[in-house]
Amino acid sequence: MLGLMMEKPLLVGSLLEHAERFHPEQQVVSRLVSGEVVSHRYKELAQRTRQLANALLALGIGPGDRVATLAWNTHRHLELYYACAGIGAVCHTINPRLHPEQLSYIIEHAEDRLMFFDTDLSALVSKLAGARRGQMCWVALGHEADLNSAMPEGCLAYEPLLSAQGDELQWPQLDERAACSLCYTSGTTGNPKGVLYSHRSTVLHALISALPDSAALSAQSVVMPVVPMFHVNAWGMPYAALLTGAKLVMPGNGLDAPRLYQLLQQERVTLALGVPTIWQSVLNYLDEQQLRFTELREVFIGGAALDKTLLQRFEAIGVTVLQAWGMTELSPIGVVNRPLPDSASLGEAHFQQEKLKQGRGLWGVDLRIVNDDGQTLNWDGASAGHLQVRGHWVAGQYFKQAESACSADGWFVTGDIAHIDPRGFLKLTDRSKDVIKSGGEWISSLELELAAQSHAAVAQAAVIGIPDAKWSERPLLILTLKDGCELDPDSMRMHLQSQVPTWWLPERMEVIEQMPLGATGKVHKQSLRERFG
Ligand code: ADP
């Protein structure tokens, strides 16, 4: 027997409608590339979004069309998210830090019809001007006066496009399975692959990410996604904030510590989200300038492993750290680390160790760990294997790829190696392509890196496997040092010895000037392998 409840599709546009009706005075504060900080209320955001949607329709954009962005976190980018989704088009966010060749590949592959860009990216834009053989129209995110002759021919300006339109619009009823946004993986191996999110997956992800055991958002929250809107939809915050009526603070391209600190303080941000490297630089700045946060209560960290030092530094200033694990193919949230009711009572050592795990599963994402032979492993906190997931906001297939992205029995293979403890806490130990296979056993490059990074002289650590005649592979430790520091290899060996098994200890260490980083700010191990492998 079927239930007799209404069936209402889960649509992204409903989040904006809700924010406009129930939180009309709530603000989105944005730092523009000009440096100006502007504020819009949700009711103005909704009006501007309808004007933008009318402009997109006037430019011939229809259901399924891809509208690209090369843009920072601002209210305009937010308007693009909602206007595209609202008319059934697809907002394709692109990472401007990718190599121009990869950018061209992505633009061609996605067949983008329009490209909205922030004006500080004009030099990059001029390199891409010929993309899509002139079939793509360019729009600068600014006023008429922001246009210049270096921009692609026929380039339009955003603000006049909006002001030429009225804000009356009846949003179309869409299928909740329709695509609303597109984000390509960073493509460290092979070409980038497109992950095509649906209205349904996006709304369910927003609901779950707002829960108390996740980002814990409410209308009292002031949220700053430092993680860019081109990096997996700023981890879903542009949706979850409107769902809950939280205030949004958008840092634009001001991602250096002084400007981030100033905006965090000025706008009284309570929750900020970003990768570990951002927080290291912010904390260093605080120490140098002898500053403190007055309102910031929580930071949400993901994208790379949280190390003990970073956790302790935040705890020392009264800020709670939440680690999360996820990936582009998971919209991105997979697990979040919030304590269980008994976590604190199990002893300080246990609690500290638990806090450094990536987190526990949320409703909607199933997890399993599988060995090389495809057998499912127990959740004993030790048996590491391939992490596989399935759920409402997990990719089943990549854009324009006929084959499934999943295993024969329907699980997405994440490429990460992890174990899960009996309490459900997941601990990531490696990427499957980075794990070091030494004498038939696995050495976790991630754990070695975290251990090395906790040495007082070390700025950043990376471990790669190098061929070895006897053991097949051995770890090589590559380091950058903090300013003015030197490193005695023996002191590093002693330091590591207390934290990892003796047979993991690298025989070789290299100190380099600068760590090669990829487009999402993570260490680019492929370059290290080419250099040292
Ligand atoms: P994002 O960096 O936003 O999580 P990507 O798709 O670019 O998304 O990268 C996903 C990969 O990043 C994961 O497969 C995992 O290897 C790594 N990663 C994400 N979160 C963590 C974390 N908390 N700890 C360690 N590695 C992580």
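Numbering of ligands and ligand atoms starts at 1, following listing order.
Listed by number with element, the atoms of ligand 1 under 4.0 Å from a non-hydrogen atom of Gln323 are 22 (C), 23 (N), 24 (N). Per-residue contacts place Trp235 under 4.0 angstrom from the following atoms of ligand 1 (heavy atoms of the residue considered): 3 (O). Within ligand 1, counting atoms from 1 as listed, the ones closer than 4.0 Å to a heavy atom of Ala324 are 20 (N), 22 (C), 23 (N).
A donor atom on one side chain and an acceptor atom on the other are not found under 3.5 Å apart for Trp325 and Asn337. Of the N and O atoms on the side chains of Ser445 and Lys525, at least one donor lies less than 3.5 Å from an acceptor on the other residue. No side-chain donor-acceptor contact under 3.5 Å links Asp430 and Trp442.
Nearest to atom 15 (C) of ligand 1 among the protein's heavy atoms is Asp416 OD2, 3.2 Å. Residue, atom and distance of the protein heavy atom nearest to atom 2 (O) of ligand 1 are Lys522 NZ, 2.7 Å. Looking at atom 24 (N) of ligand 1, its nearest protein heavy atom turns out to be Gln358 NE2, 3.0 Å. If you check which protein heavy atom lies closest to atom 4 (O) of ligand 1, you get Gly326 O, 3.0 Å. Here the heavy atom of the protein found nearest to atom 26 (N) of ligand 1 is Leu428 CD2, 3.3 Å. Protein heavy atom closest to atom 20 (N) of ligand 1, with residue, atom name and distance, is Gly303 N, 3.1 Å.
Aromatic ring centroids of Trp411 and His386 lie 6.0 Å or more apart.
Counting heavy atoms under 4.0 Å from ligand 1, residue Val232 touches it through the side chain alone. With a 4.0 Å heavy-atom cut-off, ligand 1 is reached by the backbone of Ala305 and by its side chain too. At a heavy-atom distance under 4.0 Å, atoms from both the backbone and the side chain of Met327 approach ligand 1.
A parallel orientation is assigned to the rings of His109 and Tyr105, their planes being inclined by less than 30° (bins at 30° and 60°). By the 30° and 60° cut-offs, the orientation of the rings of Tyr184 relative to His92 is tilted.
Considering backbone and side-chain atoms alike, Thr328 places an N or O below 3.5 Å from some N or O of ligand 1. Between Leu446 and ligand 1, no pair of N/O atoms sits closer than 3.5 Å.
Atom CZ of Arg508 is surrounded by more than 12 heavy atoms from other residues, nucleotides or ligands within 6.0 Å.
Heavy atoms of Gly415 stay at 4.0 angstrom or farther from ligand 1.
Cation-pi geometry between Lys355 and Phe351 is met: under 6.0 angstrom from the ring centre, within 45 degrees of the axis.
Of the possible donor and acceptor atoms, none in the side chain of Ser404 sits under 3.5 Å from a partner among the backbone N and O of Gln397. A distance-only check finds no donor-acceptor pair linking the side chain of Ser30 to the backbone of Thr74 [under 3.5 Å].
Closest heavy-atom approach to atom 1 (P) of ligand 1 within the set Lys433, His231, Lys427: this belongs to His231.
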